[in-house]
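Heads up: the structure comes next, in structure tokens.
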Amino acid sequence: MNIQYIVLVESWLNIFFFSFFFFYKQCSLKCPFYLNLSFVKCNFLQSKRLKRQEIFAQDGLTWQKIVQFFTQHLEKKDQPAATHELKNILQAAKQIVGTDYGQDTIESAGGFLFKIFHNKDQIGHEETRAIKQMFGPFPASAAELSYAAVGRLVAQIGQSQVDAFIQTQSSLKTVNRSSIFGRNIAFSFDTYVLDAQDPVPRSEGTDTEQDMDFHSFLNNHVGERKARGDRDDAYSAEELEQRNADSSILRQEVEKYLNEGNMLSSSAEELSTSLFEMLASTKSDDELQNELFELLGPQGFEMISKLLQRRSDIVDSLVSIQLDRQLKGMRDESAKPTYGCQVTIQSEQEKHMMKIYRKEEKKERKREKRGDEGDTCENAFHFDPKELRLQREQALLTARRSPVLGRHREYERIRYPHVYDSYTEAIKTSAFVGGAKMLLPEGIRRENNKMYEEVEIPPNEPMPIGFEEKPVYISELDEIGQLVFKGMKRLNRIQSIVFETAYNTNENLLICAPTGAGKTNIAMLTIIHEIRQHLQPGGVIRKDQFKIIYVAPMKALAAEMTNYFSKRLEPLGIAVKELTGDMQLTKGEILRTQMLVTTPEKWDVVTRKSVGDVALSQIVRLLILDEVHLLHEDRGPVLESLVARTLRQVESTQSMIRILGLSATLPNYLDVVSFLHVNPCIGLFYFDGRFRPVPLGQSFVGIKTTNKVQQLHDMEEVCYEKVLKQIRGGHQVMVFVHARNSTVRTAMSLIEMAKNRGELSFFQVDQGPDYGQCEKQVQRSRNKQMREMFPDSFGIHHAGMLRQDRTLMENMFSRGYLKVLVCTATLAWGVNLPAHAVIIKGTNIYDAKRGALVDLGILDVMQIFGRAGRPQFDKYGEGTIITTHDKLSHYLTLLTQQNPIESQFQQSLADNLNAEIALGTVTNVDEAVRWLSYTYLYVRMRANPLAYGISHKAYQMDPQLELYRKELVVESGRKLDKARMIRFDERTGYFASTDLGRTASHFYIKYNTIETFNELFNAQKTEADILSIVSKAEEFEQVKVRDEELEELEKLLCNFCELPATGGVENGYGKINILLQTHIGRGEVDSFSLISDLSYVAQNAARIVRALFEIALRKRWPAMTYRLLNLCKVIDKRLWGWAHPLRQFSALPPSVLSRMEERNLTVDKLKDMGKDEIGHMLHHVNIGLKVKQCVHQIPAILMESSIQPITRTVLRVRLSITPDFRWNDQVHGSVGEPWWLWVEDPINDHIYHSEYFLLHKKQVNIHAHLLTRANPNIALYVENNARQSALFFFLKWRLSVFANELFICYYFLSFYLISIILAALFIVGMCALRVSR
């Protein structure tokens, strides 16, 4: 069914943009924009427009002006006090609006508070009401703080001066909008910049190409004027003089415009040609001024006015002059004789036209003979060979300038059997929303007022059922299928269409379908197919011959999928485990597991390792990639790397690995098909919104104001209107915000609005029989806000709440006792809790990785919208997104799938190349070039070369892009070689991995960070130096210091930093250092942005320090290795090395731990003491037993060693290890306790041997009294310089726990060789030397 597309007219933009630019002209501001040039048909627009600059901030009272005012009017001695008071106002504003909306909002709120209180003697009812109307409920202490600060500021400078300042700023008016000229200008700009090689967007209705030559262009119009009879043959002298003056106006205006520095890429002749074409068109002046404004910009106002006033005179004069020239030229040409022989070149079209011309001449002569004059006059064929040749030359010139590949080039689309894409089948018509051009479906409703613009897309009509579609009933499946889908009657429509290919073939698949359409069960069909292939006669499954990998985009989703697949596959005995950063598995557990649910990064790490996990990757038979449309986001390169590695493994080993891609609907699905090596005629299944189980209506609201405080207020207003509309319809609503504290603030604000407007009764629920019991459960909660909101039928939900409180809110909402649930996006990912309507309030979310507020990702938006509509109860669901007006077109485009997803692989090419070299799959440049051909980057580079910096000429010369790929590989190889991660021989093109490169690959370290390590890291660094080096890693480059965080960072520096923090609070790396030490010291942070930054820093710092430990171990630096291993444990366990180890046990109260530290009761002392003695020492009689239990749970071992000389340079060391602790699953887990063992020579500062081993629970329990571990293969090669100093040589064993488990007091056993043995060894060695001589 085709969906008709309609045009939306941007009438409201007319007055606004003209008025703004008129004001801009008066102020002589320069503000070039990227203009939408789709009206203009000129090749000169192929060059890039001038770069867009930011518009000057709106006039009025701003925080910057307030600060500037006090700086200018106060003496230097008074300025510190004023600065302090200004900070107090900002602090109060932060308490009122919160920190999750950014510094701009806080400053705008500060300006609002200053304006409110500058002339007030007290905080009255009027002021309180104004603040509450703007921000909702607020703490009274914040209002008092800001009032006092404003009062002290005003007293410093004088009330009269402040009043005059406020009045001056408030009286600034917006430019007069009643201007006549330009009232109908419809301004719009595309979201992309036209490249110099891009084809010019064409206006609709014509495909003819126009030549750039001004004089030859006029030929077309001359013919038209002659046909219309618009010209007289005779002119008077005055008319000729006037006509010449009119004709020179255009050229003069163009030259004047260009001389002012505008449109530097165009010549006067080209611009004159374009302007004449517009002036000579049949469009009205109002229509024409829109196009002229788009072409010339605000700099051409005067020129536009003059050209339109004298439009007819300019056109008539130029056409007349050109006609005179043509007639004169024809007379001159006819008078000239023809010399020599001439060569005529004719195109096929010219030949054809000449034939027609000759036929017409013959017919004409025949008619003249018959005297058929009347017929001749009517049907004479007007044909001019010279004009035809001129047109052909123009076409050739135009073709030469036009790019080979164009942005709007149309291809004939192939119809694939399983593609249901109404968008490509529809009649496309342009619309302008938020100033950007896009396509919208038929039936949309659009509202445009002063506060916001809203575009409402109605739910799609369901796709009619085809004749060949038949539902698949579970009873028709084989025994395995029936076991897995037990409890289901049949597959849904999408699953039934895919069933045959998924269940009975090995084809790679790409399934594009809306959220909630049942893609998970399609994955289950492929899993069952894989299991059936390893089914032996008798129903025995060969579980050791296959592995199934499910790659989920988030940890929360991985946990949910693990639970789902575990329940479904349990009847078959298939083990499903989660393998993420939070859930570690031993090799034994992995071998016993048939299906692993993991994240892209974790599986990338697993497949990067060249030893140990190779066997795992080689028995993978099915790879399921969920949310493939993440290719265009920051995590996209990881997916590309995984698929490329898998495809190369399939080709190199000739093994069968099936790939299943699950995705939301995306526009360039054919590119993803090519990337995944899917046969589009068999394995491509594309379902648009018509296949959604519950049709979804979407509303997009763009708040117009740019003032941050007003924006916040308007969003609250619109959100309340949308919520109330749904409540009146008898529906429940989920409101999604992007910070934990925003849930409470938004809910309280909505309740306050309902009370003020007398509409709270609409939110009351029908109290069922169990309502009283539910109310008692809520009132027993510790969460005060939750208890206060429940009677008004409001609830909150976020990850910071207790698990029982979150479950309670979910139950209350599902039972209908909550009308509105304000929550964060974690609810959309972790819990399947649908509602009729969902509202996303605001789209700015803080991203710690980038250190700034960013747009809410499309994945989150689609997941949230997927919660709209309850399949059993609703005919349709409703999703609303409230954003700023400048982001309106962005989200419309994303959610209507109009932007192709591009590759981000080029940004991380060097790191991924290093991973392949470390793995051994790429050994030279040629192999690396072939490896790149398996990536999505290669697919998109060929489809859209300009976006990746490839010119059309280069693409023509090298269609397979081999040279460009080689250039990318060589450039990345040079970077890696410079960082000493690989050895790259450019002459031969061979790569060789190094220890540094392998460590970077295994620990996901960027090559820029490795360069920093090379520069700063050495064996003499202290713990403070190490933290400083870690803080300067490339992974933290985006973390910035914000002004509002300085005060809190100072407090953290004073209270929690035990080591010097290089850089202080003013620098980014200093901030990272402070946050890392705060994390170790278990400090609490208030600011929302700092909480996110702290979590990001702690997560990445642990990984980076582990990498540094590995580097030090490979460099054989014993002291530094030991220091880094301790630091790894410090970060993981959030406990400084000098703190008491028992602080890890939450069962012990802080007061008891403090007494132990005061009395210096070490773990060894506590082991020797009895429980009663411990209780007496700690003044706590009953705590002795608990302390004793905790002490014996700290991992410890006893060691015995024996040394045997093998040769002059080799010693055999046997080590017996006995565990000396009690195993507790709650403390030690089920995996095992990892240990590092190394043998070092402290005199020469060298590690001779290192080894990692795992102490399992079984070993601890079975060999509780004696566990012997012999290492016959440990051989220490003692160099000559060590052997010559044998009398002073000793071996020191250091044994320490690895960083990812329980923090342990380090144990090291030092033993000295008895002088007699050393002397004997020395004598034996010297004798051996003499014998050899």
Side-chain angles (χ1 to χ4, degrees), residues 56-97 99 102-124 127 130-131 138-172 707-709 1040-1055 1057 1060-1068 1070-1071 1074 1086-1087 1089-1090:
F56 187 71
Q58 287 189 349
D59 287 323
L61 187 66
T62 63
W63 184 253
Q64 287 76 14
K65 291 180 180 178
I66 293 172
V67 173
Q68 187 179 10
F69 171 74
F70 282 100
T71 305
Q72 291 176 349
H73 290 80
L74 286 175
E75 297 181 4
K76 285 190 176 180
K77 63 179 182 178
D78 298 328
Q79 286 182 6
T83 303
H84 178 70
E85 300 302 340
L86 290 170
K87 282 185 178 179
N88 285 339
I89 297 174
L90 281 183
Q91 186 65 29
K94 186 192 296 187
Q95 294 177 22
I96 292 174
V97 302
T99 57
Q103 183 67 10
D104 292 343
T105 305
I106 294 172
E107 291 181 353
S108 298
F112 179 81
L113 293 173
F114 184 85
K115 188 175 181 180
I116 288 287
F117 292 128
H118 79 279
N119 57 358
K120 299 294 187 294
D121 297 329
Q122 62 180 1
I123 305 176
E127 291 76 32
I131 297 173
F138 63 94
S141 59
E144 292 170 0
L145 175 64
S146 60
Y147 168 74
V150 171
R152 289 190 287 268
L153 279 172
V154 172
Q156 277 186 311
I157 207 164
Q159 184 69 52
S160 57
Q161 272 190 291
V162 175
D163 287 342
F165 167 68
I166 296 290
Q167 188 175 0
T168 303
Q169 296 301 324
S170 301
S171 63
L172 290 172
N707 181 282
K708 295 295 180 182
V709 173
K1040 306 295 181 187
V1041 180
R1042 287 172 288 276
D1043 293 338
E1044 68 269 22
E1045 298 170 349
L1046 291 175
E1047 188 175 346
E1048 188 170 0
L1049 285 172
E1050 288 281 5
K1051 292 179 182 177
L1052 297 177
L1053 178 62
C1054 296
N1055 297 335
C1057 290
T1062 309
V1065 298
E1066 293 85 8
N1067 294 300
K1071 171 184 173 179
I1074 293 169
D1086 297 327
S1087 171
S1089 59
L1090 280 181

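- The backbone N or O of Val154 lies less than 3.5 Å from no partner atom in the side chain of Gln159, so there is not a single donor-acceptor pair.
- Side-chain contact between Ile66 and Leu153: absent, with no pair of heavy atoms (C-beta onward) separated by less than 4.5 Å.
- No more than 12 heavy atoms of other residues, nucleotides or ligands sit less than 6.0 Å from atom CD of Glu75.
- Between Phe117 and Ser146, the shortest heavy-atom contact is CE1-OG, 3.4 Å.
- For the side-chain contact (heavy atoms from CB on, under 4.5 Å) criterion with Val150, the lone passing option out of Ile89, Asn119, Ile116, Leu86 is Ile89.
- Of all non-hydrogen atoms in Val709 and Thr105, the two that sit nearest each other are CG2-O, 3.7 Å.
- For Gln64, the side chain to side chain donor-acceptor pair (under 3.5 Å) partners two or more places apart in sequence, or in a different chain, are Glu107.
- Using a 4.5 Å heavy-atom threshold, the side chains of Lys87 and Glu1047 count as separate.
- When all heavy atoms are compared, the tightest approach of Gly110 to Ala93 is N-CB, 3.7 Å.
- Taking CG from Asn1067 and OG1 from Thr1062, the interatomic distance works out to 10.0 Å, rounded to the nearest 0.5 Å.
- Atom OG1 of residue Thr62 and atom NZ of residue Lys708 lie 14.0 Å apart, to the nearest 0.5 angstrom.
- Rounding to the nearest 0.5 angstrom, the gap separating the CD atom in Gln156 from the CD atom in Gln161 is 12.0 Å.
- Residues Val1065 and Glu1050 approach most closely at CG2-OE2, 3.4 Å, considering heavy atoms.
- Taking CD1 of Ile157 as the start and CG of Asp78 as the end, the distance is 9.5 Å to the nearest 0.5 Å.
- Ring-plane geometry between Phe165 and Phe69 is classed as parallel, the angle between the planes falling under 30 degrees on a 0 to 90 degree scale with a further cut at 60.
- Distance alone, capped at 3.5 Å, places no donor-acceptor pair between the Glu85 side chain and the Arg152 backbone.
- Side-chain N or O atoms of Tyr147 include one that pairs as donor or acceptor with a backbone N or O of Gln122 at under 3.5 Å.
- Taking OG1 of Thr71 as the start and NE2 of His73 as the end, the distance is 10.5 Å to the nearest 0.5 Å.
- Checked for salt-bridge contact, Glu1045 and Lys1071 meet the test: a charged N lies under 4.0 Å from a carboxylate O.
- Annotation: side chain of Phe114 is in contact with side chain of Ile166 (closest heavy-atom distance under 4.5 Å).
- Closest non-hydrogen pair, Ala1061 versus Ile1074, comes out as CB-CG1, 3.9 Å.
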Residues Asp163, His118; criterion side-chain contact (heavy atoms from CB on, under 4.5 Å); working and verdict: CA-CA 8 Å; Asp163 287 342; His118 79 279; 3.1 Å; yes
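- Note that CD of Glu1048 and CG of Asp1086 are 4.5 Å apart. Values are rounded to the nearest 0.5 Å.
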